[in-house]
Amino acid sequence: MTARERHSALIEAMITDGTLTDAALIDAFRSVPRHAFIPESGALTAQGAALNATGNPERWLAAVYADNAVATRVEGPGPERRSDTAPRRKMPSPRSPEQDPDAAASCSSAPTVLARLLDLADLAPGQEVLEVGAGTGWNTALLAHLLGDDAVTSVEIDPRLAEAARRALRNWRHTPAVHAVDGYEGYPPSAPYDRILSTCGVRRVPPAWLEQVRPNGLVVCPWGLLEGAGVLTRVEVPPNGAAVGSFHAGVGFVPLRAPGPPYPPARDSGQQPDEYRLTQADPVSPLMSFPSAFALSVMVPDWRVRRRWIGTGSGMWVCDHAGTSWVRVYPYGTSWMIEQGGPRSIWDEFEEALEEWSRLGEPEPSRFGLAVEPDGSHRVWLDGPDRRSWPV
């Protein structure tokens with residue numbers, strides 16, 4: 001299949017499955033092909049396979065027009081990290097670049113995720129938009145097609161990516177402003193904005209974004225407390241009072257850089273446990289299933305998880321962000337061994353939270369939402385901002 005045929009097939013598939021319904025968005029996706037914004041070499045598939053348009057054009061095009069993220073820059077862990085989003089229903093494997101926060105520095109968003117993000121933004125002519133994370137420039141081009149070049153401001157922390165995005169946009173006859181600056185601070189010179197859209201995941205909505213959006217404007221971005229168990233959130237920013245966000249569609253994400261040092265890697269420290277227990281019940285599934293993992297990320301503070309492979313099979317390592325409290329889970333014969341140590345008993349907290357989640361009817365992530373108070377505090381609510389909530 002040619003690039004044009006693959007592009008057309010992808011758009012028709014998104015229309016058929018209901019991802020694309022808005023006429024303006026359909027026109028934008030039909031008019032701006034993804035392959036014009038994916039580098040011909042140096043990119044990786046969602047599974048980590050190298051892509052080269054010259055050496056294997058068929059595989060390159062197949063990856064470009066699959067409904068997956070394409071990693072366009074990969075590097076080791078470091079403080080300056082950005083990424084776009086990929087569809088996610090389960091916790092990610094740490095092996096593939098767009099899933100591993102220590103690997104992918106930039107990705108081209110999965111088409112369906114990008115379509116949902118743009119649809120949630122409720123875009124209309126006359127609006128001014130700030131995009132955080134230009135990446136390849138594909139989303140920037142879609143925004144420019146929808147709103148016009150002068151209505152779009154995009155920021156990208158990596159100067160090389162910013163220049164590559166500008167070049168791709170010029171090749172496609174678009175010239176929105178693309179600035180090589182840190183998106184955590186927004187972009188004050190062009191504020192205020194009617195919409196702020198980010199393809200970078202956040203744990204807390206940056207104060208600058210809320211300050212730079214107009215009253216009754218929207219911030220749309222991936223949000224989550226646990227790598228791989230995030231959601232798209234649409235935050236409505238009123239003239240006064242709390243900003244309120246609704247949650248939509250599960251996504252995996254790599255976080256936007258925030259002030260402060262990066263977290264150390266979550267890995268088994270080899271410590272001896274303070275306590276251990278055997279269980280017949282599968283302890284891995286609740287942390288690997290998206291709905292329960294998301295609920296646990298909200299209801300139990302300060303924890304991270306990594307899959308862990310040992311001689312007896314696949315288990316898990318859980319720890320707080322400081323690495324002082326931890327849980328080690330692994331198969332033990334026909335049972336599971338759970339070991340934990342440190343000042344917190346994280347596994348006990350999990351069991352209590354799962355019991356509460358069950359009593360609440362095992363709510364899906366879409367029943368939760370976000371409130372950002374005027375003092376900057378964040379809380380996640382269930383079934384409404386005035387109902388049950390958890391500080392985060």
Side-chain angles (χ1 to χ4, degrees), residues 1-38 46 60-70 72 84-89 107-154 165 168-176 178 193-199 217-222 231-234 246-251 366:
M1 293 175 68
T2 65
R4 178 175 293 184
E5 289 169 338
R6 289 184 183 276
H7 175 220
S8 178
L10 173 66
I11 304 311
E12 293 307 313
M14 291 199 292
I15 294 171
T16 299
D17 69 14
T19 298
L20 283 174
T21 57
D22 179 80
L25 277 180
I26 291 172
D27 177 65
F29 273 87
R30 280 180 169 155
S31 301
V32 184
R34 191 187 193 194
H35 71 265
F37 296 88
I38 302 297
W60 185 82
L61 273 177
V64 167
Y65 284 110
D67 187 26
N68 284 310
V70 174
T72 54
D84 281 341
T85 48
R88 189 80 63 242
R89 301 310 300 168
C107 295
S108 173
S109 296
T112 53
V113 172
L114 193 56
R116 293 184 186 114
L117 184 145
L118 293 172
D119 187 55
L120 286 172
D122 195 19
L123 298 166
Q127 294 174 344
E128 295 179 295
V129 173
L130 172 66
E131 178 198 31
V132 178
T136 65
W138 185 37
N139 188 47
T140 320
L142 291 166
L143 288 169
H145 182 90
L146 287 162
L147 305 174
D149 290 355
D150 293 341
V152 179
T153 300
S154 185
L169 287 159
R170 286 194 299 268
N171 290 342
W172 209 249
R173 299 178 299 280
H174 284 298
T175 56
V178 179
Y193 307 97
D194 299 288
R195 302 287 187 268
I196 295 180
L197 309 183
S198 175
T199 50
L218 297 176
V219 173
V220 183
C221 62
V231 289
L232 288 176
T233 184
R234 168 184 157 131
S246 52
F247 291 157
H248 310 261
V251 293
S366 59

In terms of heavy-atom contacts, Pro111 and Leu10 come closest through CG-CD2, 3.8 Å
Test side chain to side chain contact (heavy atoms under 4.5 Å, CB included) applied to Arg234 and Asp122, step by step: CA-CA 10 Å; Arg234 168 184 157 131; Asp122 195 19; 3.8 Å; yes
Next item on the list: Return yes if some donor-acceptor pair links the side-chain N/O of Asp194 with the main-chain N/O of Glu128 below 3.5 Å, else return no.
Entry: yes
Across all chains, not counting sequence neighbours, the side-chain hydrogen bond (donor to acceptor under 3.5 Å, both in side chains) partners of Thr19 are Asp17
Of all heavy-atom pairs linking Thr136 and Ser108, the shortest is CG2-CB, 4.0 Å
Separation between OG1 (Thr21) and CD1 (Ile15), nearest 0.5 Å, reads 9.5 Å
Distance col, row Leu232:CG vs Arg116:CZ, nearest 0.5 angstrom, shows 8.0 Å
Residues Ala134 and Val178: closest non-hydrogen pair is CB-CG1, 4.2 Å
Assess whether side chain to side chain contact (heavy atoms under 4.5 Å, CB included) is satisfied between Arg6 and Val64, documenting all intermediate values.
CA-CA 9 Å; Arg6 289 184 183 276; Val64 167; over 6 Å; no
In this structure, NE2 of His35 is separated from CG of Leu61 (nearest 0.5 Å) by 7.5 Å
Margin query: Under a 3.5 Å distance rule, please check whether Trp138 uses its side chain to pair with a backbone N or O of Val32 as donor and acceptor.
Written below: yes
Rounded to the nearest 0.5 angstrom, the CG-CZ distance for Leu143 and Arg195 is 12.0 Å
Closest non-hydrogen atoms of Ala115 and Leu20, given as atom of the first, atom of the second and distance, are CB-CD2, 3.9 Å
Worksheet entry | Pro222 vs Thr199 side-chain heavy atoms within contact, under 4.5 Å | no
Met14 and Asp67: CA distance, side-chain angles, deciding distance, side chain to side chain contact (heavy atoms under 4.5 Å, CB included) verdict:
CA-CA 9 Å; Met14 291 199 292; Asp67 187 26; 5.5 Å; no
When every non-hydrogen atom of Leu114 is compared with those of Ser109, the smallest separation belongs to CB-CB, 4.1 Å
Review point. Between Ser366 (side chain) and Phe247 (backbone), is there a donor-acceptor pair under 3.5 Å?
Key: no
Nearest heavy-atom approach of Ala69 to Cys107 is CB-CB, 4.3 Å
One should read off an interatomic distance between His174 NE2 and Asp149 CG, to the nearest 0.5 angstrom, of 6.0 Å
Checking Leu117, Val152, Leu130 against Leu197 for side chain to side chain contact (heavy atoms under 4.5 Å, CB included), the one that qualifies is Leu117
The side chain to side chain contact (heavy atoms under 4.5 Å, CB included) partner of Leu118 among Asp22, Leu123, Val113 is Leu123
Contacts of Tyr193 meeting ring pair (Phe, Tyr, Trp, His ring centres under 6.0 Å) (sequence neighbours excluded), chain-then-number -> none
- So, does His7 use its side chain to make a donor-acceptor pair with the main chain of Phe29 at under 3.5 Å? yes
Can you check side chain to side chain contact (heavy atoms under 4.5 Å, CB included) on Trp60 and Ile38, steps first, answer last? CA-CA 9 Å; Trp60 185 82; Ile38 302 297; 4.0 Å; yes
To the nearest 0.5 Å, atom CZ of Phe37 lies from atom CG of Leu142 at 7.5 Å
query = Taking Thr16 for the side chain and Glu12 for the main chain, is one N or O donor matched with an acceptor at less than 3.5 Å?
reply = yes
*Is there a donor-acceptor contact under 3.5 Å from the side chain of Tyr65 to the main chain of Pro33?*
no
- Query: CG of Asp150: more than 12 outside heavy atoms within 6.0 angstrom?
  - Reply: no
